[in-house]
K.L.:
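Let me begin by handing over the structure; questions about it come next.
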Amino acid sequence: MRIGYPCINRTISCCGNKTFRLKSYSEARLKDTVKNNLACLLQILKFNLEHRLLFFRLTSDLVPFASHPINTFDWKKHFQPEFASIGEFIRTEGMRISMHPDQFTLINSIRKDVLGRSIEELKYHVEILDLMNLDADAKVQIHVGGAYADKESSIERFVRRFDGLDNSIRRRLVIENDDKLYDLGDCLRISERTGVPILFDVFHHRLNGAAEMTDEDCLKYTTETWDSKNDGPPMVDYSSQNPVGVPGQHAETIDLDDFAMFLKHTGRFDFDVMLEIKDKEESAIEAFKLVSNDGRVRLNGF
DNA sequence: TCTGGTCAAGGTGGT
DNA sequence: ACCACCTTGACCAGA
């Protein structure tokens with residue numbers, strides 16, 4: 001088990017997800033920004049290593065406007081050495097990486113233009129991981145997508161579109177149960193037909209589908225969708241409810257009792273946990289302390 | 001220097 | 001047809 005957090009680190013004074021407005025686009029600015037972002041990413045990874053946080057989600061803002069037509073700069077070629085050396089660090093230390101394109105990436109959209117942009121965005125994400133020479137255990141997670149007033153045919157469309165994706169994307173793609181539309185049961189049905197692994201989101205499951213399956217069952221079924229040889233251990237997203245926020249709002253800081261309970265219920269399984277908590281690395285460090293007595297936790301990557 | 005409106009991109013659900 | 005909301009942090013113009 002590796003513990004991680006997403007995208008940004010608030011302890012070190014280095015911002016690896018800098019971007020800018022489309023209006024301010026220039027090639028010079030893009031180069032500066034990417035250079036900064038990659039340098040900060042390495043600093044964050046070094047921080048993570050020191051704190052034994054071996055799981056990390058890369059921000060989609062690493063290369064601003066990467067899949068936008070305005071960006072004609074060959075950033076892959078230009079920054080290839082930087083990507084390669086960050087990748088080497090990750091592999092040497094046995095770290096695990098994920099990425100999560102945002103809500104605009106919908107491969108089951110009824111709109112062809114949206115599908116086209118989504119595929120471009122997925123290409124960008126897997127290119128980052130490919131440039132780092134990471135194995136197929138580095139994943140890109142998306143939701144199933146919209147329902148378009150007909151969930152069944154939207155699932156059909158997802159399956160069809162997934163099967164048509166380039167293998168460079170398919171080998172890294174995983175789907176995540178969401179909080180409103182596609183619950184774990186839907187994801188399992190889709191996985192049966194496509195072979196796509198399922199990333200279990202604990203918090204979403206509590207908001208959408210909790211009555212059907214216990215956490216233990218969820219881990220059991222989702223673990224079966226990961227091919228341990230190629231995909232690596234299952235990934236799990238964990239968050240808890242913000243006690244003063246509206247239902248669905250992520251907690252500011254980790255609820256250690258709740259997390260301990262989750263670990264207890266899922267003790268039979270090994271997986272990597274991404275803590276989607278507002279205070280990021282702070283809660284991840286707390287969680288690491290909590291699980292450092294757990295037989296599953298990894299103190300190094302191997 | 002500070003602040004609040006705004007940002008490439010989609011979709012849902014209420015009116 | 002239209003609008004608020006989702007959710008989020010940082011950009012950036014204007015005070």
Side-chain angles (χ1 to χ4, degrees), chain A residues 5-30 32-34 36-37 40-41 44 56-73 75 99-125 140-155 157-158 161 175-183 186 201 203-204 206-208 237 239-242 244-253 274-283:
Chain A
Y5 63 97
C7 305
I8 59 175
N9 178 300
R10 314 213 291 194
T11 305
I12 65 175
S13 57
C14 196
C15 176
N17 56 322
K18 264 197 196 309
T19 182
F20 47 84
R21 296 289 158 85
L22 184 55
K23 267 197 296 190
S24 330
Y25 184 93
S26 74
E27 198 168 296
R29 181 137 190 198
L30 180 80
D32 279 353
T33 305
V34 176
N36 167 81
N37 288 350
C40 286
L41 172 59
I44 293 172
F56 190 62
R57 184 185 299 162
L58 304 186
T59 172
S60 298
D61 288 336
L62 212 52
V63 181
F65 304 103
S67 70
H68 190 284
I70 199 173
N71 187 344
T72 56
F73 178 62
W75 54 269
M99 296 189 83
H100 193 350
D102 66 24
Q103 57 183 329
F104 310 108
T105 303
L106 294 152
I107 67 166
N108 79 342
S109 177
I110 51 176
R111 288 170 47 188
K112 276 279 150 64
D113 57 330
V114 173
L115 173 65
R117 280 194 292 273
S118 296
I119 290 174
E120 288 307 306
E121 188 68 357
L122 287 174
K123 264 187 202 158
Y124 155 61
H125 283 78
V140 173
Q141 61 186 97
I142 58 170
H143 295 286
V144 177
Y148 310 96
D150 183 352
K151 211 166 135 180
E152 283 312 306
S153 62
S154 297
I155 288 177
R157 210 163 40 250
F158 181 95
R161 298 264 174 80
I175 56 171
E176 173 190 352
N177 55 303
D178 70 63
D179 57 344
K180 289 198 172 70
L181 292 173
Y182 294 95
D183 65 15
D186 297 323
D201 187 306
F203 189 42
H204 288 165
R206 287 181 193 173
L207 296 162
N208 182 19
D237 281 357
S239 180
S240 48
Q241 172 63 40
N242 183 333
V244 294
V246 296
Q249 201 164 3
H250 289 202
E252 290 287 329
T253 185
M274 178 66 59
L275 295 164
E276 296 187 314
I277 313 278
K278 286 260 199 123
D279 66 5
K280 307 286 178 185
E281 75 283 359
E282 231 178 287
S283 282

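Just the heavy atoms: all of them, side chains too, but no hydrogens, waters or symmetry mates, feed the values below. Here is how names work: the chains are called A, B, and so on, in the same order as the sequence lines, proteins then strands, and each is numbered from 1.
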K.L.:
Between A:Cys15 and A:Cys40, is the disulfide (SG to SG under 2.5 Å) condition met? List the steps.
P.N.:
CA-CA 6 Å; A:Cys15 176; A:Cys40 286; over 6 Å; no
K.L.:
Going 5' to 3' on DNA chain B, which nucleotide is the first and which the last to come under 4.0 Å of a heavy atom in chain A?
P.N.:
B:dG5 to B:dT12
K.L.:
Under 4.0 Å between any heavy atoms, over every strand shown, what does A:Tyr148 touch: base, sugar-phosphate, or nothing? Just pick one.
P.N.:
sugar-phosphate
K.L.:
Is there any protein nitrogen or oxygen under 3.5 Å from a nitrogen or oxygen in nucleotides 10-12 of chain C, and what are the pairs?
P.N.:
{"unit_1": "C:dC11", "atom_1": "O2", "unit_2": "A:Arg21", "atom_2": "NH2", "d": "2.2"}
{"unit_1": "C:dC12", "atom_1": "OP1", "unit_2": "A:Arg21", "atom_2": "N", "d": "2.9"}
{"unit_1": "C:dC12", "atom_1": "OP1", "unit_2": "A:Ser24", "atom_2": "OG", "d": "2.7"}
{"unit_1": "C:dC12", "atom_1": "OP2", "unit_2": "A:Arg29", "atom_2": "NH2", "d": "2.7"}

K.L.:
When rounded to the nearest Å, what value does the distance between P atoms of B:dG5 and C:dA4 take?
P.N.:
14 Å
K.L.:
Under 3.5 Å, is there a donor-acceptor pair between the side chain of A:Asp61 and the main chain of A:Pro64?
P.N.:
no
K.L.:
For the pair made of CG in A:Asp179 and P in C:dC5, what is the distance, rounded to whole Å?
P.N.:
17 Å
K.L.:
Check the side chains of A:Ser154 and A:Asn108 for a donor-acceptor pair under 3.5 angstrom, ignoring hydrogens and angles.
P.N.:
no
K.L.:
Quote, to the nearest angstrom, the P distance that separates C:dT7 from B:dG4.
P.N.:
23 Å
K.L.:
Rounding to an integer number of angstrom, what distance separates B:dC7 and C:dC3 when you compare their P atoms?
P.N.:
16 Å
K.L.:
For the pair A:Arg117 and A:Glu120, find out whether any cationic side-chain nitrogen is under 4.0 Å from an anionic carboxylate oxygen.
P.N.:
no
K.L.:
Taking atom C1' of C:dT7 as reference, at what distance in whole Å does atom CD1 of A:Ile277 sit?
P.N.:
15 Å
K.L.:
Give me the ring orientation class for A:Tyr5 and A:Phe56: parallel if the planes are under 30° apart, tilted from 30 to 60°, perpendicular past 60°.
P.N.:
perpendicular
K.L.:
In whole angstroms, how far is the C1' atom of C:dC6 from the NE2 atom of A:His100?
P.N.:
13 Å
K.L.:
How many angstroms lie between CG in A:Asn17 and CG in A:Asn9, if you round to the nearest 0.5 Å?
P.N.:
10.5 Å
K.L.:
Please state how far atom NZ in A:Lys280 lies from atom C1' in C:dT7, giving the value in whole angstrom units.
P.N.:
11 Å
K.L.:
Consider only side-chain N and O atoms of A:Glu281 and A:Thr11, and report whether a donor and an acceptor are under 3.5 Å apart.
P.N.:
yes
K.L.:
Using a 4.5 Å cut-off on heavy atoms from C-beta on, say whether the side chain of A:Leu122 contacts that of A:Ile142.
P.N.:
yes
K.L.:
Go through A:Asn208 and A:Asp178 one step at a time and tell me if the side-chain contact (heavy atoms from CB on, under 4.5 Å) criterion holds.
P.N.:
CA-CA 7 Å; A:Asn208 182 19; A:Asp178 70 63; 4.0 Å; yes
K.L.:
Nearest whole Å is fine: how far is C:dG9 C1' from A:Arg57 CZ?
P.N.:
15 Å
K.L.:
Reading DNA chain C from 5' onward, which residue's closest nucleotide shows up sooner: A:Lys23 or A:Lys180?
P.N.:
A:Lys180
K.L.:
Compare all side-chain heavy atoms of A:Met274 with those of A:Pro6 and state whether any distance is below 4.5 angstrom.
P.N.:
yes
K.L.:
Using the P atoms only, state how far B:dA8 lies from C:dA13, rounded to an integer number of Å.
P.N.:
12 Å
K.L.:
Between C1' on C:dT8 and NZ on A:Lys278, what's the gap in Å once rounded to a whole number?
P.N.:
8 Å
K.L.:
Given pairs defined as Watson-Crick or G-U wobble with both distances under 3.5 Å, what dot-bracket annotation applies to DNA chain B, with ( ) intrastrand, [ ] crossing, | other strand and . unpaired?
P.N.:
|||||||..||||||
K.L.:
Mind telling me whether A:Phe65 and A:Phe20 have parallel, tilted or perpendicular rings, with 30° and 60° as the class edges?
P.N.:
tilted
K.L.:
What orientation do A:His204 and A:His143 show, parallel under 30°, tilted 30 to 60°, or perpendicular over 60°?
P.N.:
tilted
